[in-house]
Amino acid sequence: MIVYEVAVAAPLFGSLTYGQPVDTPTPLTTGIRVLVPLRNRSITGYILASVSPPPDLPYQIKPILERLDVAPLFPEQLIPFFRWIADYYHYPLGEVIQTALPSGLRAGSGYEITLTEAGHRQLPAALNALKNRAAWMNRLLEKGKLLPGTVKTIRRKAVMQNLLRTWQTAGWIDINEVILSPAVKEKTETVVKLNTALQESLSRYQLDTKDNPEETAVTPAVTPEGLKKSEIKTLDLFFCHCKGQPLMPRAELIRQYSGAGKALHSLAKSGLVTLEEQRVYRDPFGKVPPFFPKPATLTTEQEQVISKIKTALDIGGFQPFLLHGVTGCGKTEVYLRATEHCLACKKTVLVLVPEIALSSQLEGHFYSRFGDTLAILHSGISIGERFDQWQRALQGKVRIVIGARSAVFAPLATPGLIIVDEEHEPAYKQDDGLRYNGRDMAVLRAKFADCPVLLASATPSVSSFYHAEQGKYHLLTMTKRIHDQVMPEVTVVDLREKKRERKNAFFSHQLLTALQENLEKQQQSLLFVNRRGYAAFMLCQDCGYIIQCRHCKVSLTHHQGDNRLLCHYCGYSTTPNLVCPDCGSSSIVGLGVGSERIEQEARQLFPNARITRLDSDTTRDRKAYLRILDQVRNHEVDILVGTQMVAKGSISLQ
Ligand SMILES: Nc1ncnc2c1ncn2[C@@H]1O[C@H](COP(=O)(O)OP(=O)(O)OP(=O)(O)O)[C@@H](O)[C@H]1O
């Protein structure tokens with residue numbers, strides 16, 4: 001008998017043992033999801049291994065209820081990594097795996113209620129006798145069925161559960177367990193495929209149009225006899241737009257010519273084309289990232305550092321490096337050359353960035369150098385896109401994965417190099433659920449994958465620097481900026497001085513003059529504020545109470561655009577029109593400054609300037625972020641106001 005070690009997605013430490021599903025004779029593979037019984041529920045589990053059952057078990061092994069995947073969702077090599085994390089962070093193993101996988105993959109079970117023959121006859125009378133009749137009861141009578149979503153809500157109340165049980169015992173309803181499908185599914189599209197004869201015609205057509213580029217229509221030799229005008233036009237479009245490929249998406253043809261749908265249907269009927277469903281990957285790039293050329297030469301420091309990393313890659317094995325390089329010394333080029341070397345050795349590369357803003361910049365660099373052999377994994381892309389990117393990495397269709405901290409779980413079987421950019425960033429720490437540190441997990445993953453790991457920063461974290469000093473990490477140093485650029489001049493202005501003479505509380509004279517000069521010279525300016533929102537906190541003017549989050553007890557930030565007070569810690573929000581919970585006064589004012597406020601003030605001070613704000617409020621999705629970057633690049637912005645997103649080197653001003 002085959003039995004499996006299964007990690008269930010429930011707060012249980014360790015794993016459980018289940019038997020082969022009753023109706024599936026073939027053995028199951030490691031890394032797939034299954035539905036298993038646990039107490040009185042069915043939940044998702046992940047197969048970790050097939051094991052032989054110990055003899056004389058004092059209990060009976062329950063069989064797996066259902067296999068949920070055909071192919072594994074993660075490579076087997078990741079399992080020891082998951083086990084280590086579960087052990088180290090004292091977190092249930094199945095939930096570690098659940099955290100690692102892209103969201104939307106969770107399947108589960110629910111209950112469906114159907115009305116029986118007896119129920120049809122007797123329930124109406126029983127309902128008439130009820131004092132309060134709920135809406136779902138009428139629906140059950142009308143439709144004869146209640147779906148899992150509704151049943152879940154009804155069963156939340158114990159009294160309703162009892163009522164349902166009574167009806168079930170009376171034989172009026174059946175309550176059946178059903179499998180709920182996961183939120184994300186593979187996306188497919190219909191593609192049109194030419195038959196063999198038309199494929200030959202396509203090759204001839206290409207030869208003809210090569211000699212005679214004016215030729216656009218399908219030649220008579222190509223066109224089979226007796227076709228309708230619409231069919232000829234559709235084939236014509238196919239030949240012109242298929243880029244030499246014998247298949248193209250049906251939707252694209254319909255976009256070009258609305259009659260193509262009907263024509264393709266009849267062409268398929270006569271066997272000239274076939275219509276097939278094909279898997280497509282949702283495009284997270286939205287648009288092609290900007291191109292960054294490869295520098296002709298490397299600086300001496302870059303050469304020295306790259307040579308050390310290349311040696312480590314050639315020798316193989318786990319080697320942690322800490323690259324301490326001043327800002328603008330060309331660390332990105334080090335990543336790119338190391339990646340190039342790693343790919344040449346037929347290995348894969350994992351690159352971690354602390355936040356989405358930075359990932360776009362790096363993506364551009366990697367995309368320029370390596371094309372679309374690259375997957376991106378972070379919360380800035382939709383769950384569907386993330387699922388697709390995960391699948392591409394898993395199936396070996398990409399060789400490089402770039403992403404935020406959760407990308408440390410990327411399903412690359414054997415990464416040859418792991419890079420952690422801005423390794424000091426606190427954003428690598430996950431603050432809820434599995435509270436892991438992405439940077440530390442990257443080092444650990446490299447240890448499991450037996451490959452070098454490169455942590456890089458202009459301001460390394462104290463712990464990494466200490467490890468380097470202790471000789472645990474190899475320290476690589478870059479002290480010179482590219483083209484010997486000087487560091488920017490920094491002036492500290494005490495805003496308390498000459499407070500009364502200033503036009504605005506937040507802008508010093510020096511800042512106003514510098515902004516005015518930049519505008520006159522048609523140069524761009526960047527205003528960094530380390531906090532989003534309008535007012536950093538709300539103060540009761542009568543008793544001095546500061547409005548706090550009811551869950552976290554941190555001060556709430558006023559967001560004027562959304563007209564809400566928001567907790568930046570847990571996301572709790574409330575109306576700004578409130579009275580002081582301490583003294584009941586309604587004189588509450590917003591104090592402290594956020595990016596929204598600075599943007600508003602800057603607009604008042606410089607009404608003719610083009611001002612844009614870049615923070616997580618204005619860039620809720622990645623496309624909005626890329627749009628603002630484009631505006632800055634195209635000099636459509638004079639003053640850019642933003643939070644730490646703007647301070648990360650991904651913005652180059654003119
Ligand atoms: N060998 C080189 N020759 C010419 N230009 C280079 C070279 N290497 C890098 N650059 C350019 O120098 C600039 C700064 O490099 P990069 O952004 O990689 O610095 P960094 O060390 O990553 O800085 P930060 O710490 O701010 O992220 C970029 O515009 C990059 O294209």
Side-chain angles (χ1 to χ4, degrees), residues 289-310 321-341 349-370 374 400 402-405 417-428 438-439 442 453-462 464-465 468 475-490 524 526 528 530 614 625 629-630 632-633 635 640 642-654:
F291 181 77
F292 296 95
K294 183 174 180 174
T297 51
L298 293 174
T299 64
T300 316
E301 283 186 337
Q302 279 174 329
E303 269 182 6
Q304 285 165 350
V305 165
I306 291 165
S307 135
K308 286 193 182 138
I309 299 169
K310 278 185 179 174
F321 290 98
L322 174 64
L323 172 56
H324 178 197
V326 291
T327 177
C329 67
K331 293 189 284 296
T332 312
E333 192 55 37
V334 171
Y335 308 158
L336 292 165
R337 299 286 170 125
T339 301
E340 204 170 72
H341 192 77
V349 179
L350 178 58
V351 186
L352 296 189
V353 281
E355 57 179 279
I356 313 165
L358 278 183
S359 118
S360 309
Q361 160 91 343
L362 264 195
E363 271 160 47
H365 280 284
F366 276 83
Y367 191 83
S368 304
R369 202 67 61 89
F370 306 108
L374 165 76
I400 306 165
I402 301 184
R405 60 173 179 254
L417 172 67
I418 300 179
I419 299 169
V420 184
D421 189 28
E422 311 283 352
E423 67 87 29
H424 62 279
E425 274 288 329
Y428 278 117
R439 187 229 16 240
V453 54
L454 175 65
L455 310 181
S457 171
T459 50
S461 61
V462 172
S464 297
F465 201 73
L475 183 64
L476 307 168
T477 315
M478 290 169 76
T479 54
K480 296 193 183 73
R481 301 187 84 196
I482 297 288
H483 306 312
D484 287 325
Q485 275 176 352
V486 283
M487 284 289 194
E489 196 185 315
V490 178
Q524 294 173 303
L526 191 153
F528 166 67
N530 63 351
L614 183 79
Y625 173 75
L629 281 199
D630 261 0
V632 175
R633 204 172 296 120
H635 215 312
L640 181 68
T643 52
Q644 58 174 16
M645 269 190 172
V646 297
K648 294 292 177 185
S650 48
I651 314 272
S652 36
L653 300 182
Q654 294 156 26

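Counting starts at 1 for both ligands and their atoms, in listed order. We number each residue from 1, following the sequence as shown. These numbers come from a predicted model, not from an experiment.
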| query | Which one holds for Thr332 and ligand 1: side chain close, backbone close, both close, or neither close, with close meaning a heavy atom under 4.0 Å? | reply |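 Thr332 to ligand 1: contacts from backbone and side chain alike.
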
| Where does Cys329 meet ligand 1, judged by heavy-atom distances below 4.0 Å: at the side chain, the backbone, both, or neither? |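 Within the 4.0 Å criterion, Cys329 contacts ligand 1 through backbone and side-chain atoms alike.
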
| message | Within ligand 1, which atoms have a heavy atom of Glu422 less than 4.0 Å away? | response |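 Going through ligand 1 atom by atom, the ones under 4.0 Å from Glu422 are 27 (O).
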
| query | Can you list the atoms of ligand 1 that are under 4.0 Å from a heavy atom of Leu298? | reply |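 That gives atoms 1 (N) of ligand 1.
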
Looking only at distances, please establish whether an N/O atom of ligand 1 is found under 3.5 Å from an N/O atom of [X].
X	answer
Thr297	yes
Gly325	no
His365	no

| Heavy-atom side-chain contact between Arg439 and Glu422 under 4.5 Å |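 Sidechains of Glu422 and Arg439: no contact.
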
| said: Are the side chains of Val632 and Leu614 in contact, using a 4.5 Å heavy-atom criterion? | reply: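 A side-chain contact under 4.5 Å is absent here.
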
Mind listing the side-chain donor-acceptor pairs of residues 476-489 below 3.5 Å, one per line with the distance, residues two or more places apart or on another chain?
from: Thr479; atom 1: OG1; to: Glu301; atom 2: OE2; distance (Å): 2.8
from: Arg481; atom 1: NE; to: Thr327; atom 2: O; distance (Å): 2.8
from: Arg481; atom 1: NH1; to: Val486; atom 2: O; distance (Å): 3.0

| field | Option nearest atom 6 (C) of ligand 1 (shortest heavy-atom distance, choices Val334, Ile482, Leu336) | value |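 Checking each option, the heavy atom nearest atom 6 (C) of ligand 1 is found in Ile482.
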
| What residue among Lys331, Arg369, Lys294, His341 forms side-chain contact (heavy atoms from CB on, under 4.5 Å) with Leu336? |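 Of the listed residues Lys331, Arg369, Lys294, His341, the side-chain contact (heavy atoms from CB on, under 4.5 Å) partner of Leu336 is Arg369.
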
| message | When you measure from the side chain of Glu423 to the backbone of Ser461, do you find a donor-acceptor pair of N or O atoms at a distance under 3.5 Å? | response |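 Pair found, side chain donor or acceptor close to backbone of Ser461.
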
| request: Using the six-membered ring wherever Trp is involved, compare the ring planes of His365 and Phe292 and label them parallel, tilted or perpendicular (cut-offs 30° and 60°). | output: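 Ring orientation, 0 to 90° scale: parallel.
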
